[in-house]
Each structure stands twice: as structure tokens, then as C-alpha cells.
Amino acid sequence: MRLSQMLFVTLRDDPADAEIPSHKLLLRAGYIRRIGSGIYAYLPLMWRVLQKVSQIVREEMNATGAEECLLPQLQPADLWKESGRWDTYTKAEGIMFSLIDRREQQLGLGPTHEEIITAIARDMIRSYRQLPLHLYQIQTKFRDEIRPRFGLMRGREFIMKDGYSFHADEKSLKETYQDMYKAYSNILRRSGLAFRAVEADSGAIGGSGSTEFMILAEAGEDEVLYTEDGKYAANVEKAVSLPIDAETSQFTTYEKRDTPGTETIEKVCQLLNCSPTQLVKNVLYQTVYDNGITVLVLVSIRGDQEVNEVKLQNELTKLAPLYGGKTIISLNVPNVEAQQAWTAKSLPLGYIAPDIADEYINGNKQIHPKFLRLVDQTAVDLKNFVTGANEAGYHVVGANWGEQFKLPSGVVDIRKARPGDRAIHNPEQTLFSARGIEAGHIFQLGTKYSQAMGATYTNEQGEEKPLFMGCFGVGVSRLAQAAVEQSYDKDGIIWPVAIAPYHAIVTIPNIKDAQQVEIAQKLYTELNSRGIETLLDDRDERAGVKFKDADLIGIPYRIVTGRAIANGKVEVVERATRNSQEIVIDEVTTTLHKWITAAIQVKN
């Protein structure tokens, strides 16, 4: 392609609304254009990148025996109500675009397609002889993000590959899950990306187990905890660990202490000269279930630890049937305004004890009449601990479970693992932290959707059984931007060869020099005929402008028909290393073909 004939516009300065390097560079280099909040046009250069990523995905998926299809973006609400996720996606998480059509039917724009594919399986799969079955698509998805940001990283419209498998049993599901683990690793490796596969929380998708594939980058929104022995890695939402040991309490008798102005852990520990590991802090949460019932949850946890709200939400979701619900609409620490809806008297915030009385709740029918009490494992074994006294300005010291306070029956692991903790698989290993961008996620769904929606098959014995399901997603447009976030410098993008929009760019420093133009056109034709995708910068611009644009758009190899042609050579510059060498003109095509082939094959 000739740049003089392309829609090619680059920007000198960073766009004001772009926050991270990859977003800035894709806008500056003319790969994407913002149309609205979280909505972007993929311009010709970007579309070539997306096609290459999609092709790698297709090749790896097809190699596993999966079949490509295309599912509707517009989805009936009734199917989502069958699975029980309509309220989760439209109210709790609020990420689904929903609408009413002219026939007064509720519809949603698909952020994912579990319900659609399960309905298809329900109608078409009858016998174990049809199993296992694996279908996938590469499709535009929609999410009504509260705060769209970072360009394609958190957009409201994006391209995704999602696949769904159906099985007769869990063993078959796990085999496909392992196939996808390998396929996803191959996809990222072939795309030229550094990544880490980590244990993950299944979130609203659900299921018994899941793995995320994180592209390592400083701007990643996710924190990954891992051990250097390579035997453990998990998203911080899912991570487990052994905390540091609690210090022995210096308090030997139970007593109430005057502790004015100590609403924080730091202040009370400073006043009492104690370690936060000797303290039980009590955090009050308010959760609302999908049937409108509000439950107040008091979490007791060791003073030096933080509550992992994802783990807490998972525990509370398990309890939903006790309150007549299916899922959680919201979970938060209630502010003063929220408390006014249910408090009978003012709470001693900062001084709450594990046994705060239920009389603080006014008995509103929508509020569960008692506190639900949970205790994190870190607080269970504490002796002679410090905690609140249920009275503003006072704490108690030397307290014990089973004596001054009843140990809650709900003992859970809801602490947030963090760097420096000891690993469970080997306490000699400590956890380290890295930032990652989630590019892929694979799930073992089990029978979550098939049971809810009545998708069954007949086994060899003639019995009707629910289908086992797997779900496997790759963010195609997210992966493309993540590649930029992982590889750039002060001058622009550095694309991995395998997914670069073009392999090479031939730059003519002076288009008024007939010899430069002739050699450039000759090389341009030869390179493309050998399968080396090549741009020709034949614009009437200064050489410096062309060189800057070539660096900005990140094409792996730049060929310059400059002064070296007097010696029968051209300058070839590798974008990633900036290594420059002069190569005989007749050897350029063979040399580049060898380099590009090697660069792509090393990732396979």
C-alpha cells in the first residue's frame, strides 16, 4: 500500500482524553478514532492488526477441533431470565445495554453468549453421540461501562472471541479446558507477547474454576500475585496465602480502655502501643439481594489485614437462598446516608465490637432483622486481642473468643492476599506482585446453565442428564492494544512482527530523486510478491517527518533508499532494536524474508 493513497493522519501531540501510553499512541498513529465515550472506529492499520490476531486465534481454535459460528448480538431477555442473570447484568453489575422493542419485548445487546449457545444446545443436542461439541465465534460485544477509559481496554463496544463447549461429563470438560489452556498460551506466544496464566475468580460467568491469561504491562488494571518458583500465580481477587504470624499480645487481663480519637487501626495501635496483628477490626457491609432484601454483614478480621470484597461477595452469594434471592445487586460499606434507612440509633463507627447488638437495626421489613456475622480465619486464633467496645472513644483489651465474645459460626477466608505473604504450597516461597492486562479467560462452567435452562442429553443408559459446559474468551481488540502497552518507546509503537499491520516500510527520503523512487518501487514490488507485507512512503514530505511517522506507527523494518544507493545498497533499520545496517539492494528481499520468518517461527 502506498501511504500517499491511504487514510493516514498522525498527530504530533498526545490527545487530552488519553490516559495510558497505548491509548495515546494508537490515537496519535492513526490506528483508531474516538467516535463517542468508549466507542472507537478501527481505521485501516488497526483493522489489519485485528485481522492478524483473529487469524492466529482461528488457527489455534480450529486445531483443537472447535467449529466457528456467528451468534446474534441482539438477545431476548427471556433467555437471560431463565439463567437467572438478567438482574445481575442489568442491575447488579449494570453492564448490559437493554432495550424495549416496538412489540414491547425486552432485549439486550450481548456482552457474552452463554444463554444463546445453551438455548441452541437445548434444541439440537439429543444424544451422548453428539458430544463433545465446541463452538466459537469472533464477534462484536457490548458493555455499558460506568467509566469507559484506556481506549480499547475498557470500551463499550469491543471485538472478542468466545467459545462454548458441551460434554457428557466433567472428565471430558477438563480435557477441553486443558486444550484451551494450551491454545490460549499458543495464541499469546504467537502474537509475540509476554504473559502469565493465573488462577482467577469466575465472577458473573460462574462455574467451578477459571484461569486468566494476563499480558504483563505496568498499566494493567489487574494485580497478579506469583511465586518465583513458577508454581503459583493468581489474580489478587482469587489469590490465597499465609499471612505473617501474629505477635503475642502483651495484654493478659480483659479491661475496657479510654481511647478517644482512635477511629483508625493506626491510631488505636499507637495509643495502646500494640501491633495491628493483635487487634480484631469489625467492618460493617450492606448487601442487597435481587429480591430487594438488604442484609447487614459484620466482618471480623485481623487488624493488619484487608477484606477481599470479591471473596466476600462470593460467600454472600452462596447464602442468597437463605434470604429468598439468587444473586447480589450491591455490596458496600454503608455511609451515614445509607445507614439512616435502617439504623435505630447511631452506630459507634470506629469502635464496633464483634457483638454489636441487633437493636441498632430498626426492624424495617426490607432489612434482615439481625446482623449476619462472619469472621476471617486470621482473627479466629487470636488470644487476648484488642477490639472495639461498642462505645465511641473506647476499646477493650485482653479479649478472647468463647469468653467475652462468641465466635461467629461463619468462619471464612475473605482476606486479601498481598505481596510478601508466604505461599501456601511452600511457605518458604513469598508472593511477588506484577501488573497485568486480562486478554483471555477460560471457565469450567459445569452444569450451571444447562440445569437452569433445561439443556440435557441422553446417555448410553437412556437417562436424561444435564450437559457439562465450558466457556473460553479472548479479547481480540484488547489483546491488540495490550501488545502496544507492553512494547513501545518514546518515539512510538513497537509491534511484534506476527501482528504488525505491515512487516516493512520503504521510505523515499526525496521523491524528487528519480533513482531513489525507482529503487524504492522495485523493492516495494519484490517484497510484496514474496509475501512480505510492505508499505511505500511515497509522500511529498521531508525525510525527518517520514522517519518519525515510521517510528510512530511501529512497522518492524524500515528500508531507506537514501545515500547508500550510490554504493548499490539501502539502509535497513529494525524498529525494536534500532539496529541499522546497509544491505545490497538485490539481497534485501531474501534477507528480510529470513528475518521475518525467524521472528514469527520463534513464537510458534
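This is a predicted model, so every value here is computed, not measured.
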(message) Within the structure provided, determine whether Ile159 and Lys141 are in side-chain contact (heavy-atom separation under 4.5 Å).
(response) no

(message) When you compare the side chains of Asp538 and Ser4, does any donor N or O come within less than 3.5 Å of an acceptor on the partner?
(response) yes

(request) Tell me whether the guanidinium CZ or amine NZ of Arg478 lies under 6.0 angstrom from the six-membered ring centre of Phe158 and within 45° of its axis. (result) no

(message) If you count heavy atoms of other groups shown closer than 6.0 angstrom to NZ of Lys416, is the number above 12?
(response) no

(request) Search all heavy atoms of Ala217 against all heavy atoms of Glu485 and return the closest pair with its distance. (result) CB-CG, 3.9 Å

(message) Just so I know, are the side chains of Thr430 and Thr227 near enough to count as touching, which here means a heavy-atom distance under 4.5 Å?
(response) no

(message) Taking the side chain as everything from C-beta on, heavy atoms only, tell me whether Ser191 gets closer than 4.5 Å to Leu479.
(response) yes

(message) Using 0.5 Å steps for rounding, measure from the CD1 atom of Ile583 to the OG1 atom of Thr590.
(response) 10.5 Å

(request) Apply the test side chain to side chain donor-acceptor pair (under 3.5 Å) to residues Gln137 and Asp162: give CA-CA distance (whole Å), side-chain angles for both, the deciding distance (0.1 Å), then the verdict. (result) CA-CA 6 Å; Gln137 63 172 344; Asp162 53 325; 3.2 Å; yes

(request) Identify the two heavy atoms, one from Tyr164 and one from His113, that lie closest to each other, and give their separation to 0.1 Å. (result) OH-N, 2.9 Å

(request) Can you establish whether the number of heavy atoms outside Arg542 located under 6.0 Å from its atom CZ is more than 12? (result) no

(message) Is any side-chain heavy atom of Glu223 closer than 4.5 Å to one of Pro419?
(response) yes

(message) Pairing donors with acceptors under 3.5 angstrom, does anything connect the side chains of Arg418 and Ser433?
(response) no

(message) Could you measure the distance from the CZ atom of Phe97 to the CZ atom of Arg156? Nearest 0.5 Å is fine.
(response) 4.5 Å

(request) Classify the angle between the aromatic ring planes of Phe472 and His134 as parallel (below 30°), tilted (30 to 60°) or perpendicular (above 60°). (result) tilted

(request) Could you tell me the separation between the OG1 atom of Thr327 and the CG atom of Asp87, rounded to the nearest 0.5 Å? (result) 8.5 Å

(message) Please check if the number of heavy atoms outside Glu518 that lie under 6.0 Å from its CD is greater than 12.
(response) no

(request) Give a yes or no answer on whether the side chain of Arg48 reaches the backbone of Pro501 with a donor-acceptor pair at less than 3.5 Å. (result) yes

(request) For residues Asp489 and Arg575, determine if any side-chain heavy atom of one lies less than 4.5 Å from a side-chain heavy atom of the other. (result) yes

(message) Closer than 3.5 angstrom, by distance alone: can the side chain of Arg435 be matched with the main-chain N or O of Gly220 as a donor-acceptor pair?
(response) yes

(request) Consider only side-chain N and O atoms of Asn62 and Glu68, and report whether a donor and an acceptor are under 3.5 Å apart. (result) no

(request) Calculate, to the nearest 0.5 Å, the distance between atoms OH and CG belonging to Tyr184 and Asp179 respectively. (result) 12.0 Å

(request) Might you confirm whether atom NZ of Lys522 has over 12 heavy atoms from other residues, nucleotides or ligands at distances under 6.0 Å? (result) yes

(request) State whether the side chain of Lys546 and the backbone N or O of Ile508 hold a donor-acceptor pair below 3.5 Å, judged by distance alone. (result) yes

(message) A side-chain contact here means heavy atoms from C-beta on lying under 4.5 Å apart; do Met160 and Thr112 qualify?
(response) no

(message) Set out, in order, the CA-CA distance, both residues' side-chain angles and the distance that settles salt bridge (Lys or Arg N to Asp or Glu O under 4.0 Å) for Asp17 and Arg149, then state yes or no.
(response) CA-CA 9 Å; Asp17 62 340; Arg149 59 191 308 209; over 6 Å; no

(request) Answer yes or no: does atom CZ of Arg33 have more than 12 heavy-atom neighbours from other residues, nucleotides or ligands under 6.0 Å? (result) no

(request) Applying side-chain contact (heavy atoms from CB on, under 4.5 Å) between Arg28 and each of Leu552, Asp13, Thr10, report the one that passes. (result) Leu552

(message) Taking the six-membered ring for Trp, are Tyr502 and Trp495 closer than 6.0 Å centroid to centroid?
(response) no

(request) Would you indicate whether Glu221, at its atom CD, is surrounded by more than 12 heavy atoms from other residues, nucleotides or ligands within a distance under 6.0 Å? (result) yes

(message) Checking Glu60 against Asn186: is there a side-chain donor and acceptor pair closer than 3.5 Å?
(response) yes

(request) Can you establish whether the number of heavy atoms outside Ile146 located under 6.0 Å from its atom CD1 is more than 12? (result) no

(message) As an exercise, state the distance from CD of Glu212 to CD of Glu237, rounded to the nearest 0.5 Å.
(response) 7.0 Å

(message) Any heavy-atom pair between the side chains of Val506 and Asp537 that's under 4.5 Å?
(response) no

(message) The test is salt bridge (Lys or Arg N to Asp or Glu O under 4.0 Å); show your working for Lys490 and Asp551 and say whether it passes.
(response) CA-CA 10 Å; Lys490 62 182 179 61; Asp551 282 345; over 6 Å; no

(message) Quick one: does any side-chain atom of Thr176 pair with a main-chain N or O of Leu173 as donor and acceptor, under 3.5 Å?
(response) no

(request) May I ask you to check whether Glu115 and Gln75 show a side-chain donor-acceptor distance below 3.5 Å? (result) no

(request) Compare every heavy atom of Leu152 with every heavy atom of Tyr42, then report the nearest pair and how far apart it is. (result) CE2-CD2, 3.9 Å

(request) Return the minimal non-hydrogen interatomic distance between Leu225 and Ala239, and the atom names on each side. (result) CD1-CB, 3.9 Å

(message) Checking side-chain polar atoms at under 3.5 Å, does Ser98 have a donor or acceptor matched by the opposite partner on Tyr89?
(response) no

(request) Write down the atom of His441, the atom of Ser210, and the distance for their closest heavy-atom approach. (result) NE2-OG, 3.1 Å

(message) Would you say that Trp80 contacts Thr88 through its side chain, given a criterion of any heavy-atom pair below 4.5 Å between the two side chains?
(response) no

(message) Surrounding CD of Glu266 (heavy atoms of other residues, nucleotides or ligands, distance under 6.0 Å), is the total greater than 12?
(response) no

(message) Using every non-hydrogen atom in the two residues, find where Val497 and His503 come nearest and quote the distance to one decimal.
(response) O-CD2, 3.9 Å

(request) Kindly say whether Ala500 contributes a backbone atom to a donor-acceptor pair with the side chain of Lys52 at under 3.5 angstrom? (result) yes

(request) Consider only side-chain N and O atoms of Glu59 and Gln55, and report whether a donor and an acceptor are under 3.5 Å apart. (result) yes

(request) Please name all residues satisfying ring pair (Phe, Tyr, Trp, His ring centres under 6.0 Å) with His23, sequence neighbours left out, ordered by chain then number. (result) Tyr40

(request) Answer yes or no: is there a donor N or O on one side and an acceptor on the other, between the side chain of Gln139 and the main chain of Leu71, under 3.5 Å? (result) yes

(message) Closer than 4.0 angstrom, basic N to acidic O: yes or no for Glu19 and Arg154?
(response) no

